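Nothing here was measured: the structure is a model prediction, and the numbers come from that model. In what follows, chains carry the letters A, B, and so on, assigned in the order in which the sequence lines appear, proteins first and then strands, with residues in each chain numbered from 1.
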Protein chains: 2
Amino acid sequence: MTTIKDIARLSGYSIGTISRVLNNHPDVSEETRKKVQEVIEREGYQPNSNAKLLKQRTYSSITILVKGRMNVFFGSIVENIQTLLRENGEEAVVEYIDDFANEVLAAVQICLERRPKGLIFLGGNIEYFRHDFGKIEVPSVLLTNSAAGLGFDNLSSFTTDDTAASQEAIDYLIRAGHTRIGIIGGSANETDEGHIDFQRLAGCEKIFARHKIPFDPALQYQPCRFSLRDGYEAADILLHRDPSLTAIFAMGDIIALGAMRAAVDSGRRIPDDLSLIGYDGIPYARYSIPRLSTIRQDAQNIARRGVEDLLLRINYDRRPVHETVGFRVIAGETVKPLKKAY
Amino acid sequence: MTTIKDIARLSGYSIGTISRVLNNHPDVSEETRKKVQEVIEREGYQPNSNAKLLKQRTYSSITILVKGRMNVFFGSIVENIQTLLRENGEEAVVEYIDDFANEVLAAVQICLERRPKGLIFLGGNIEYFRHDFGKIEVPSVLLTNSAAGLGFDNLSSFTTDDTAASQEAIDYLIRAGHTRIGIIGGSANETDEGHIDFQRLAGCEKIFARHKIPFDPALQYQPCRFSLRDGYEAADILLHRDPSLTAIFAMGDIIALGAMRAAVDSGRRIPDDLSLIGYDGIPYARYSIPRLSTIRQDAQNIARRGVEDLLLRINYDRRPVHETVGFRVIAGETVKPLKKAY
DNA sequence: CTGAAAGCGCTTACAG
DNA sequence: CTGAAAGCGCTTACAG
């Protein structure tokens, strides 16, 4: 194993100088730098990151906390993040957190154990953040949810404007002539008022109100987590509870795909007997039979902005930011225009 | 930041003793152990892993190399692996390698840069392993491909018996009365003879031979990588080249789902006009419309055995092993029984 | 069973 | 611009 000591010996310089070359310090003569570089290349020397980190008293890697397993949409964001981080020479560790678990407390534990230099949350419950994020000191970003109202000085957030996007989804159904609309998704529970899913739900209710279309959450809304199975069950419950529904908005494409299966199993044709619009815009939405109409979030931009901001804040003393990235309505084949009732 | 020194001071013992308690060395008195433990808990002390690894001269984490992005099947294995590793107190870093890139060379580079203590390959090209794996010294496992014939003493492998499973798939179609069968999948290229996909293909050809059913790879086989789009294109090419096909075996469910879309877009009904069987057994196969018939690999067992073996070999001087795990034919709704032609 | 001390491979003031 | 030296937080022979 070649160490910095070997390079020092071989090049005739001291280890201090080698270290300076390694870290691109300006105060090294060009000649020295070149000679040392040559020895480094020839020996294929790679610095020991443990020693470096120990010395710098900074800590290992960046941790990505993914809320909810098997989420295709998050999967693509994770891949984007990993690539971006790697391009910038940063290592990342991924942790999967159960949909119903407290990701902030999990992060606190991880900070104690592994002392990451930054945290990226993929999804999260705003209430958990409000309550426990104060215990976290490292620069962090929350993706796909907004932490704007929380006021933590080490937490940025990048998200689709969920309220606006949900309104678009509902609006899309209404413009197609639907008035009996069900909504599924969001792992809402009693303490969850700031949760993303209530944001989306709130947006929906507003649009219903604007169009003067009655909407009774107790009847027309069914929470569920992000999985095929849960989407299936939620749609099943909803369709039994209110068979008059002509359309469903699912707060995730995975949920929508589960719901599509449930509808078909109940003997409904899509979109003839039931219209369906999803959320996320996963690649499969363009391949399903029929193709899923959905709201496409900009995964790439969310990942890119999140990483850029985190790296800046890890290295400089900057204020966190809260941004919103664009979305698009993708017209698939699962929404049927209805004759207007009037 | 509490360090081992603080715990020593606070407990009245030397740092050597604290270290022994931390690492469960047997030569510490029960009383001492208890007292030290108390202080550790009270202070919420967590050892600095950089210092520990530096001292132990072992290196950071375990690296998981995932071949091919956006592969749902690999995604679930990765999650399983991460969970298992974490339960055993090991950290894991995930790297995504392009489908057509050389994962072994990428691993060599990673070993130089980060010196992981173990490597897990998810998918891989046997030719690349044969040629370059000799440069890798850390304990490694290859999942979903067999490295049995390679004879490296630091490489285990755990895989579905691809030959047998592919034979089952083809056999399933033949028993349903199909004789004009196309095959898609596998990123075969000229140098690829030991590649997984040729294994699967070889298995298929054998079965055709046994049933005395003609099979012309140039006509009936179309390679493609693991993505919806590639599955779509491969099926499209195949169906144009040989419109007489009544069934397709796709070497991955994602490929199969892309193919399903292509078939429908060409005006074929599934399974009435074209039967389809996939490979992997991803959760969505049970939700697609129609439900996908497929060969289910045992992702959980592959992950579990791989991790168990790797951890053992990291810590003990053991020989690598090459195991095969079970698979199951899942009868979905995409294979139609045909009237026998004779 | 426990302590004192060396040393893992680096970085960074401090001199010169 | 460069070197000598201290020290990051641990582990582990070596004594006793």
**Study point:** For atom CZ of B/Arg9 and atom P of C/dG3, their distance in whole Å
**Key:** 15 Å

Point to revise | Nucleotide nearest A/Ile15 when distance is taken to its side chain, options C/dG3, C/dT11, C/dT2 | key: C/dT11

Review point. Any side-chain N or O of A/Thr17 under 4.0 Å from OP1/OP2 of D/dT2?
Key: no

**Study point:** Spacing between A/Lys35 atom NZ and D/dT2 atom P, to the nearest angstrom
**Key:** 9 Å

Study note, to complete from the structure: Among the nucleotides D/dT11, C/dT11, D/dT12, whichever has the atom closest to the side chain of B/Ile4 is D/dT11

**Study point:** Nearest-Å distance for atom pair CD1/P, residues B/Ile18 and D/dC10
**Key:** 11 Å

Exercise for review: Compare all side-chain heavy atoms of B/Lys117 with those of B/Val138 and state whether any distance is below 4.5 angstrom.
Suggested key: no

Check your understanding: Using purine N1 to pyrimidine N3 plus N6-O4 or O6-N4 for Watson-Crick, or N1-O2 and O6-N3 for G-U wobble, each under 3.5 Å, what pairs with D/dG3?
Key -> C/dC14

Review point. How many angstroms lie between CG in A/Leu84 and CZ in A/Arg305, if you round to the nearest 0.5 Å?
Key: 11.5 Å

**Study point:** Interatomic distance where NZ belongs to B/Lys5 and P belongs to C/dA4 [whole Å]
**Key:** 14 Å

Practice item. Side-chain contact test, heavy atoms from C-beta onward, threshold under 4.5 Å: evaluate it for A/Tyr128 versus A/Lys67 and give yes or no. Key: yes

Exercise for review: Return the value, rounded to whole Å, for the distance between atom OH of A/Tyr13 and atom C1' of C/dT11.
Suggested key: 20 Å

Review point. Hey, is the side chain of A/Thr32 poking within less than 4.0 Å of OP1 or OP2 on D/dT2, counting only N and O atoms?
Key: yes

Exercise for review: Considering only NZ, NE, NH1 and NH2 on the basic side and carboxylate oxygens on the acidic side, decide whether A/Lys35 and A/Glu38 come within less than 4.0 Å.
Suggested key: no

Point to revise | Residues A/Glu43 and A/Thr2: side-chain donor-acceptor under 3.5 angstrom | key: no

Exercise for review: Starting from C1' on D/dC10, measure out to CD1 on B/Ile7 and report it in whole angstrom.
Suggested key: 13 Å

Review point. With nearest nucleotides of DNA chain C determined for A/Gly16 and B/Pro26 from heavy-atom distances, which residue corresponds to the more 5′ nucleotide?
Key: B/Pro26

Check your understanding: Heavy atoms under 4.0 Å, any strand shown: does A/Ser29 hit a base, just sugar-phosphate, or nothing?
Key -> sugar-phosphate

Check your understanding: Rounded to the nearest Å, what distance is computed from the CZ atom of residue B/Arg20 to the C1' atom of nucleotide D/dG9?
Key -> 16 Å

Exercise for review: Report yes if a side-chain nitrogen or oxygen of B/Thr3 is closer than 4.0 Å to either non-bridging phosphate oxygen (OP1 or OP2) of D/dG9; otherwise report no.
Suggested key: no

Review point. Rounded to whole angstrom units, what separation is found between the OH atom of A/Tyr45 and the C1' atom of C/dC10?
Key: 7 Å

